[in-house]
Amino acid sequence: MSARRPAFFLASAALAFAFAAPAPAPAQDDPDEGSGEPRMEAPDATRPPPAQRSTSAPPLAVPADFGGSLQVVRGPASAGGAGGAAAPAGPEIFPDARRVWMSVRDTDPVPIEAARRGGRWLCSDGGCAAQTGDPGQSPIGDQMLRSIKLQTPTLPLPLTVWGRLGEDGQRLLDFDPVLLGRRSYRHVCAYRPVAEPARAAAGGPAGAPPRSSPSPDHVEICRDGRPEPPPADAGELTLGMQWPRQSEMADFHYLAIVDSCGNARVQPFQRTFTVPVLEVASGGCGRPDGKVLRVFPGGGWLRVTAFNLHEPAAGNVVNATYRVTIPPLENLVESNPARLLFPDPLADDLKVDCGPAPIAPRVDPASLPPPPGSAPPPGPPGLAAAPRRGQRPTPLGQAQGGAGAPAQGGAGPQPAGAGQAAPATAAPPPPPLAAPPRPRPDLEPSRPGPQPLAHGAVVISPTPLRLGNCRIRLTGQTKHRLVAPLALHVSLTRTDVLRGGAPIELLAEGTWIVTPSNAEFPLPPLAEDFDGDARLRLAVHSDPLSPLGKVVLLSDAGRVASSLRSSEPSDPERARRLVGSVAIHSVPLCGEDNFETLEAAGSCFRAYLTVPAMLATLQITRAPWLERPLVTRSVLSAVGVALAVDRYDPVERRAFPIAAQLGGFVQTLGEGRVGLLGYVGVAPTVPILGSGGNTTSFGFLAGIGLEYITNEAGPDEGLKPAAFVSAVVQIGQAAPQVSTTGRASFGTYAGD
């Protein structure tokens, strides 16, 4: 009995020591062989050394590998932490978390912001250790960036601007988006840096929560404002990224993406995710605001951190950070650089004009500097942000919600000179100078002006086309961004006459290279295969594969991306796309000195000479019972000449069936008498031979006038009134014209 008692105590002590010993570490706690990462333990003096791994312990099926990372933070063996008040502060939830502006998307921001301020989370009690990796560029981190896409309101699907593999296996830049507009992110709400001084300049970014102490006990939800509707040319760049495959088994909950300008974006963890960014075309980072991440045309980098707050990932990993290189979004090295993207012209930007040459636009009085003595604009002096169309320029501080812009709800002091109201005792400002007189328009509004190539129809006289006075112009505000040549193709075909079963092409060379200083295409004089009555089709096509152009329109980029990167030459004509067109009705009978629409042109009055030949005439005078003969039955008893006026539709090539006439004829009355009759009458205009200008017709002519009757010996009955109805054949040519505007011309065309 006495021998058994010491053995029992020894067995009990061994069993107690076995339960008190720490559990063996999982298989992925140790750094992978060959990764080059030194193993760093948690700075806990009371923690016993880890026991040697037992071969019988069940390892994970696929251990997570964090090779190539900038930093890995590992939690203590116990996920709960010590929780002592005197414990040192732990690492941040992601590197430099307290120094950046942070926006949280698609998840609850309160626990993340509370942890960033130093609240309770897994590593807040100092039980975590950070393992530092290679601070340089990492191939594993660079492979996280899979593509860069562009999205605009006019694109049905996002366009890939970077990500296709070249012949050497390197990803290439397909298109340079620097010429596009930028989407506004002013509505995004972001949290301020925790390390920011408490009495910094007021007026943070629009939508930011009110300034509060960095205490984690009170965190307000940051809510976005109302987004601005994006214009048609506003581009949004999106980075398509993929978490490294070798570490995909780690169970993370959040992702933090930080740029080099002090902006962070936090979102739920997904192995494949997207991040919107803003390309800063010129200048530096500017003031950080956390609304959107910044990238640069010359390239840069991002830090991507996957992290947890209240429980570790597989093993005891709390967060892992990778450095991702952003490629340059411009190509200044290769001999054949990526082509620039340019927004599509609007329907009214392409116009055809045959009027006088355009006059340089006058200066808008609203854009002139204020007169001396007037109050300066509010806000600090500095560069102003580029205003949108129809908006006055705004100072930089107000545009970005910086100094000079009041905080939400009117809270927060304003710095001096920030546009405060003048005191009542201040002297009144001097009266403003007299407003300059309103500039007169270059062209009268009543006159027809340039017409857009909006797939409609216009009418014009043929002379401007014969003389080469017509041209196509590219207008609009986006034209001023065109820093590289844009290739377009112009075609002018005659559609009412065919040659070989196809319309006749009137332009031998239709290449149009558009630059900001030369945005006109003159139409050459038309002589061959063109007459005064023709139907033409003027069309402008994009030419994205032209070797003379360096700009691609947005609507063409998706179709021609593979052709631009292909080593085999493609057919430029098959890549063209119709941008604008107009049907031109060239008629010699009406029209003005410029194009006008069919609705504005309508029908016109025309005046032409005609030769009536009377087949039979019923003539009534003052005393028909004394005058003989009453009815002249002889064929061609009278022949005359008259000026006929009718209404003619040049598009339908159809006249009103009745025309007014002013003329006279010589009449044979028999018994040696001859009558000279001047009349005003009406006659039909329904042609029986020809059309348009040829107006040979058959019908009745009725009129009244004065007739002078003589005989062979001299005056017979003298001058007397007369009325008649005749069956006539009229042969006329409608060459002279009188338009509805009151301007008359004889011939084919005449201007002012």
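We use all heavy atoms of the structure for the numbers below, so side chains are in, but hydrogens, waters and symmetry mates are not. Numbers here are sequence positions counted from 1.
- Here the closest heavy-atom approach between residue Arg481 and residue Leu180 is recorded as NH1-C, 3.6 Å.
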> Does the pair Arg577 and Asp543 meet the rule for a salt bridge (charged side-chain N to carboxylate O under 4.0 Å, His left out), with working shown?
Replying inline: CA-CA 7 Å; Arg577 178 182 58 90; Asp543 200 358; over 6 Å; no

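- Gln661 CD to Leu609 CG: the interatomic distance, rounded to the nearest 0.5 Å, is 10.5 Å.
- With Gln451 contributing its side chain and Gly449 its backbone, the two residues share a donor-acceptor pair below 3.5 Å.
- Remark: Ile460 CD1 to Cys470 SG distance equals 4.5 Å, nearest 0.5 Å.
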>> Using side-chain contact (heavy atoms from CB on, under 4.5 Å), reason through Val582 and Ile584 one step at a time and then give a plain yes or no.
In response: CA-CA 6 Å; Val582 65; Ile584 300 176; 4.3 Å; yes

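- Atom CZ in Phe700 sits 9.5 Å away from atom CG in Leu615 (nearest 0.5 Å).
- Closest approach of Leu536 and Thr495 over heavy atoms only: N-OG1, 4.4 Å.
- Applying the side chain to side chain contact (heavy atoms under 4.5 Å, CB included) rule to Gln151 yields the partners Leu155, Pro158; only residues at least two apart in sequence or on another chain are considered.
- The list of ring-ring contact (aromatic ring centres under 6.0 Å, His included) pairs with a residue in residues 654-678, not counting sequence neighbours, reads Phe665-Tyr679, Phe665-Phe724.
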> side-chain contact (heavy atoms from CB on, under 4.5 Å) between Val514 and Leu488: does it pass, once the steps are laid out?
Replying inline: CA-CA 7 Å; Val514 185; Leu488 300 175; 3.8 Å; yes

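- Under the salt bridge (charged side-chain N to carboxylate O under 4.0 Å, His left out) criterion, Asp496 pairs with Arg494, Arg653, not counting sequence neighbours.
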>> Using the rule given for side-chain hydrogen bond (donor to acceptor under 3.5 Å, both in side chains), can you reason through Arg535 versus His585, listing the C-alpha separation, both sets of side-chain angles and the distance that settles it, and then say yes or no?
In response: CA-CA 5 Å; Arg535 299 294 182 266; His585 300 266; 2.8 Å; yes

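- With respect to Asp349 and Lys351, no salt bridge is recorded, no charged nitrogen being found less than 4.0 Å from a carboxylate O.
- By the side chain to side chain contact (heavy atoms under 4.5 Å, CB included) test, Ile704 pairs with Ala723, sequence neighbours left out.
- In terms of heavy atoms, Gly580 sits closest to His455 at CA-CE1, 3.9 Å.
- Here Thr154 pairs with Thr152, Ala232, Leu554 under the side chain to side chain contact (heavy atoms under 4.5 Å, CB included) rule; sequence neighbours left out.
- The residues Arg339 and Asp556 are annotated as not salt-bridged, no charged nitrogen and carboxylate oxygen being separated by less than 4.0 angstrom.
- The distance from the CG atom of Asn594 to the CD atom of Glu596 is 8.5 Å, given to the nearest 0.5 Å.
- Between the CG atom of Leu538 and the CZ atom of Phe521 there is a distance of 9.0 Å, given to the nearest 0.5 Å.
- Here the side chain of Gln667 pairs no donor or acceptor atom with the backbone of Leu677 at under 3.5 angstrom.
- The closest donor-acceptor contact from the side chain of Ser726 to the backbone of Val728 lies at 3.5 Å or more, if one exists at all.
- A distance of 5.5 Å separates CG of Leu465 from SG of Cys354, quoted to the nearest 0.5 Å.
- Nearest heavy-atom pair, Leu701 versus Val682, reported as atom, atom and distance to 0.1 Å: CD1-O, 3.3 Å.
- Exactly one of Asp176, Leu179, Val161 qualifies for a side-chain contact (heavy atoms from CB on, under 4.5 Å) with Leu341. That residue is Val161.
- Considering only residues two or more places apart in sequence or on other chains, Val560 meets the side chain to side chain contact (heavy atoms under 4.5 Å, CB included) condition with Pro544, Leu545, Val552, Leu564, Ala575.
- Considering all non-hydrogen atoms of both residues, Tyr708 and Leu719 come closest at CD1-N, 3.8 Å.
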>> salt bridge (charged side-chain N to carboxylate O under 4.0 Å, His left out), that's the test. Do Arg576 and Asp571 meet it? Break it down for me.
In response: CA-CA 9 Å; Arg576 293 171 182 169; Asp571 187 8; over 6 Å; no

